[in-house]
Colleague: 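Sharing a structure with you now.
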Amino acid sequence: MSRTYDYDLLVIGAGSGGVRAARIAAGHGAKVAVAEEYRVGGTCVIRGCVPKKLLVYGAHFAEDLVDAERFGWQLQGKAFDWPTLRDNVLAEVDRLNGLYKNTLASHEVTVIEGHARFVDAHRVDIGGKTVSAGHILIATGARPAVPDVEGAEHGITSNEIFHLDRLPKSMIIAGGGYIANEFAGVFHEFGTSVTLLNRSDKILREWEPALVDRLLTISLAKGLNFRFNCRLSRIEKTESGVRLHFVDGGTQDADQLLWATGRVPNTEGLGLEAAGVETGALGAILVDEANATNIKHIHAVGDVTNRVQLTPVAIREGHAFADSVFGNKPWRVDYRCIPSAVFSNPPLGSVGLTEAQARDECGSVRVYTSDFRPMKNVLAGRNERALYKLIVDASTDVVVGAHMIGPDAPEILQAVAIAVKAKLTKAQFDDTIALHPTMSEELVLMR
Ligand code: NDP
């Protein structure tokens, strides 16, 4: 590798995509540095997927402990202590942060702490120190988008939620996407009175509507509150929390306001203009299928490109970049059939086309549904039904979409995603003998 520059590769951002790219490029023999202004690990590890999933586990005990009595367990004096869970989760985040740092160190990747800003197309200022590199990978991720409304600063985002001093008695969550529904489920189980407030009349807009309706029905039955078609005029700070004022008059008070209104690429303050890197809507970095920007030695992966905001996609993009540029093994990420989950209560899992998308793309489709009450819910006296939906291209019999809501749906969905990605037919699903008694057996029993 050339030593014209300080490094062969400078990665800006030590999140999932950046760390994978750095490690793989170093494994191919490149001299690599990573610039990070906050903590190694990025959103997923530090303030996203990982701590969120641990809170989801923590929250689930609330219902499990109630159900346990129907299964013969007598539990006295059960109580939930938020600081215990919070501190254990944050300790786990610290542990993972350490592992990520070790991984970089063991691959001889230099971590440079500080905010990175392009000086020109090959040089970057990192906290006052200028570093040059032959290739630069921008992997700075995204940050929560907060609407431009008076008093917005009185709300918190998913960045702060893991650090709350105490559990709020009431919480308004603005937004109706992944983050809103996940935290709504979590805090409701902790005993907080949750209101999900959305600007339209739809939550989880991209998801199979039948599953979304089921989530809404179950959430309402559990006692979550929803306000649709809401426009905020301003947010006022009160002694106990916040007061939201609505455009059509009326107010609602809560101890806490959480913004869950999308995420925007982190490109502000990067000095992209000094390097000549082009950006598009929301400041996202424009890249081609090989993750290259308009400047040929500058690439970008992950949320900063605003393609698919999912950790495993960023990791794969980072890996493809490093293999292609430093390993002489060019390959591209296949964006078809990306499985996805919402860790709401109950959770949703999905892969492939929704029924409406399949009708557009395939023309004629067959739709199979299984609407059932999981065995555990029956004994627990819990009237919550799961819903599985398979979408089949009628002309080829290929299963083009699988959508599920119910206990462990994301765990089951990952396996189904292999079948859908492999273009297996409905006949092949049916030819597989059921594994009894499970919920997932429904997948091979839909007639
Ligand atoms: P989403 O894109 O999922 O949802 C954003 C929500 O906020 C929508 O309901 C949207 O309404 C609403 N909204 C957007 N802008 C405004 C505004 N200005 N005022 C009021 N409401 C607004 O975003 P999230 O923040 O929940 O998550 C960001 C991304 O992170 C997700 O898209 C996903 O890719 C990723 N993620 C993945 C997770 C997982 O894999 N389990 C978990 C968490 C995040 P409307 O529908 O009207 O546009």
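Just follow the structure's listing: the first ligand is 1, and inside any ligand the first atom is 1.
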Colleague: What does the list of residues with a heavy atom under 4.0 Å from ligand 1 look like, ordered by chain and number?
Modeller: Lys52, Pro147, Gly175, Gly176, Gly177, Tyr178, Ile179, Glu182, Asn198, Arg199, Ser200, Arg205, Ala260, Thr261, Gly262, Arg263, Gln309, Leu310, Ala341, Phe343

Colleague: Mind telling me whether Phe226 and Phe228 have parallel, tilted or perpendicular rings, with 30° and 60° as the class edges?
Modeller: parallel

Colleague: State whether a side-chain donor-acceptor pair under 3.5 Å links Tyr368 with Glu442.
Modeller: no

Colleague: When you measure from the centre of the six-membered ring of Phe343, is the NZ or CZ of Lys52 closer than 6.0 Å and no more than 45° off the axis?
Modeller: no

Colleague: What orientation do Phe326 and Phe321 show, parallel under 30°, tilted 30 to 60°, or perpendicular over 60°?
Modeller: perpendicular

Colleague: Which pairs count as side-chain hydrogen bond (donor to acceptor under 3.5 Å, both in side chains) when at least one residue sits in residues 374-387, sequence neighbours excluded?
Modeller: Asp67-Arg382, Lys222-Glu384, Asp371-Arg385

Colleague: Side chain of Arg86, backbone of Asp165: donor and acceptor closer than 3.5 Å?
Modeller: yes

